Amino acid sequence: MNFTLGWEEWLSLPALGLPAIRAKIDTGAQTSALHATVIEPFGPPEKPQVRFLIQPNPLDPSLEVTCSAEVVDQRLITSSNGQTEMRYVIESEVEIGDRRWPIELTLTNREKMAYRMLLGRSAISEDMLVDVNSSQVQPSLSFDAYKRTRRAKPVKRPLRIALLSREPNNYSNRRLVEVAERRGHVIEVLDTNRCYMRITASQAEVHYDGVALPRYDAVIPRIGASVTAYGAAVLRQFAATGAYCLNRAEGIVSSRDKLLAHQLLAQAGIPMPVTAFANSPKVTRDLINLAGDAPLVVKLQESTQGKGVVLAETRKAAESLIDAFRGLEANFLVQSFVRESSGSDTRLLVIGNKVVAAMQRTGADGDFRSNLHRGGSAMAVKPSKGAQAIARRATRHLGLSVAGVDVLESDNGPLVLEVNSSPGLEGIEGATGLDIATLILTHLESRVRTLGPTKA
Ligand code: ADP
Ligand code: MG
């Protein structure tokens, strides 16, 4: 049966996330061309990729789609107006009517052309007829298709990802890099402190070692506690470039500051140990009363890995501890000690509003702190429904999408102790045997959008 094309047709390029494009069918041209702006090559030399933007509807520049594809060639192309340029060549399947076949496409800026795409001779096989006297022989499509795509499953494409961390070689980062690469993405580890920024009203830029960084589809922040403030600024800048941030700066900042985190969780009605805080040295006694008398836990506000967490068994001990911290001008909080949790807590890993893994951590002999960095041990557990519910709520309320939530089981039910925005993967993968890095990457893939802003 013959397959006829008119001189213009609607087509779709499903693998690029382009459900509807109007193309000119031009047997006078050898190669097919697709409109593309902000064309950025990326990836290793043995597997080069290209990332580009396209506005498929010439009448609606606010509809923008981000595409990426493998580069199959680079070629010198002379266009109909006689200009020669070097273009990237990609391969994709085209769909017209009930036919679907692979074609080669060159990428070029066609902003000034009437059609966003040109289907050339090499894309038209011998069993197809081109009727230059008719337009649209094949079924029509509409740009409304982009509204439907917005809700449909995201297009699987190679992503350009930045991992923000000062420790490229730690277990968690190595795992994330390994899994991202296995899934066909290109991931670059950037040292947070080496990023710097150009802030203007019109364009957000992040620079690194003397060059402007390209656009990333996504950023995975693994920002250490020592660089939270600067790391958050860098992350906000990446967000301004349009990158999807696995955890946003506000969430990281709120969870890092124990006092702020407690206030936010309290606002949301999430149960936690009674906590007291003051700036004035005159209220030490009252502070102890407010926290519920000894034994008490005194914590440095920015403690991690249990380093700044001390147990005061008696009132006297609590007073001297508080005085000592004050003398060092350290910010700290005082908390009632949940004795019945007896040196163990549960770490629940939340990804995208789901608890995907949990482990019970028990402190080394005689230590009430269960941190694995302090020599604690871990085993997989099935957390209680209550613990799962407060872990999910705490994560959501702090504005995080990936978090490790530490929960203490008290006589009055589960209490949230802490929400960690860069949870380590080694302990939880080891204890549960689950591939958490893959769960994080698949979540990220589902969140990175291909479609840019459309008019409301
Ligand atoms: P860090 O951020 O340094 O890990 P945490 O607040 O998580 O500080 O405390 C470290 C560990 O100490 C917890 O994992 C828990 O085992 C123990 N711990 C902390 N606060 C309490 C408390 N109020 N009651 C009982 N145990 C606690
Ligand atoms: Mg902790």
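Residues: numbered from 1 along the sequence shown. This one's a predicted model, so the numbers in the text were calculated from it and none came from an experiment. Numbering of ligands and ligand atoms starts at 1, following listing order.
Distances between N or O atoms of V297 and those of ligand 1 include no value under 3.5 Å. Between K299 and ligand 1, an N or O atom pair is found at a separation short of 3.5 Å. Remark: ligand 1 and S341 share no N or O pair separated by less than 3.5 Å (distance only, no angle test).
When only non-hydrogen protein atoms are considered, atom 17 (C) of ligand 1 lies nearest to F368 O, 3.6 Å. Counting protein heavy atoms only, atom 15 (C) of ligand 1 is closest to L417 CD2, 3.6 Å. Nearest to atom 9 (O) of ligand 1 among the protein's heavy atoms is V309 CG2, 3.7 Å. From the protein, the heavy atom lying nearest to atom 14 (O) of ligand 1 is D345 OD2, 2.7 Å. The protein atom (non-hydrogen) at minimum distance from atom 16 (O) of ligand 1 is S370 OG, 2.8 Å. For atom 2 (O) of ligand 1, the nearest non-hydrogen atom of the protein is E418 OE2, 2.5 Å. Among protein heavy atoms, the minimum distance from atom 1 (P) of ligand 1 is reached at G306 N, 3.5 Å.
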Could you check Q335 against H262 for side chain to side chain donor-acceptor pair (under 3.5 Å), going step by step and ending with a plain yes or no?
CA-CA 11 Å; Q335 202 166 59; H262 275 79; 3.2 Å; yes
Could you please spell out the steps behind the side chain to side chain donor-acceptor pair (under 3.5 Å) verdict for N109 and T37?
CA-CA 6 Å; N109 192 329; T37 58; over 6 Å; no
Stepwise side chain to side chain donor-acceptor pair (under 3.5 Å) test for R256 and T228
CA-CA 8 Å; R256 276 289 156 70; T228 301; 2.9 Å; yes
Step-by-step side chain to side chain donor-acceptor pair (under 3.5 Å) determination, E205 to T241:
CA-CA 7 Å; E205 286 174 17; T241 68; over 6 Å; no
What do the steps show when you test R174 against E178 for salt bridge (charged side-chain N to carboxylate O under 4.0 Å, His left out), and what is the final call?
CA-CA 6 Å; R174 284 201 328 264; E178 170 193 310; over 6 Å; no
Using the salt bridge (charged side-chain N to carboxylate O under 4.0 Å, His left out) rule, take D323 and R326 through it: C-alpha gap first, then chi angles, then the decisive distance, then the call.
CA-CA 5 Å; D323 289 342; R326 283 238 163 83; 5.1 Å; no
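Residue contacts with ligand 1, taken as heavy atom pairs separated by less than 4.0 Å, involve Q305 solely via the backbone atoms N, CA, C and O. By the criterion of a heavy-atom distance under 4.0 Å, both the backbone and the side chain of V338 are placed next to ligand 1. Counting heavy atoms under 4.0 Å from ligand 1, residue Q335 touches it through the side chain alone. Looking at N420 against ligand 1, nothing comes within 4.0 Å, counting heavy atoms. Contact annotation: for S336 versus ligand 1, heavy atoms closer than 4.0 Å belong to the backbone alone.
E418 has no carboxylate O lying under 4.0 Å from a charged side-chain N of R347, or vice versa, which leaves the two without a salt bridge. The pair R449-E64 does not meet the salt-bridge criterion, since no charged nitrogen lies less than 4.0 angstrom from a carboxylate oxygen. Between R166 and D191 there is a salt bridge, with a side-chain nitrogen of the basic residue lying less than 4.0 Å from a carboxylate oxygen of the acidic one.
Proximity of C67 to L18: side-chain heavy atoms (C-beta onward) are separated by under 4.5 Å at one or more points. Between S303 and K258, the closest side-chain pair of non-hydrogen atoms falls below 4.5 Å.
One distance of note links CD1 of I54 with CZ of R116; it measures 7.5 Å at 0.5 Å rounding.
For K258, the closest heavy-atom approach to ligand 1 falls below 4.0 Å.
Note: F337 and F368 have perpendicular aromatic rings, judged against thresholds of 30 and 60 degrees for the angle between ring planes.
For the residues P295, G363, S303, A225, the heavy atom positioned nearest atom 3 (O) of ligand 1 is part of S303. For atom 10 (C) of ligand 1, the nearest non-hydrogen atom from the set V274, N371, D367 belongs to N371.
Residues S421 and N247 have side chains that never bring a donor and an acceptor to within less than 3.5 angstrom of each other.
The distance cut-off of 2.8 Å around the Mg ion (ligand 2) captures these protein N, O or S atoms, sorted by chain and number: E418 OE1.
Looking at I187, D217, T66 one by one, the single match for side chain to side chain contact (heavy atoms under 4.5 Å, CB included) with R160 turns out to be D217.
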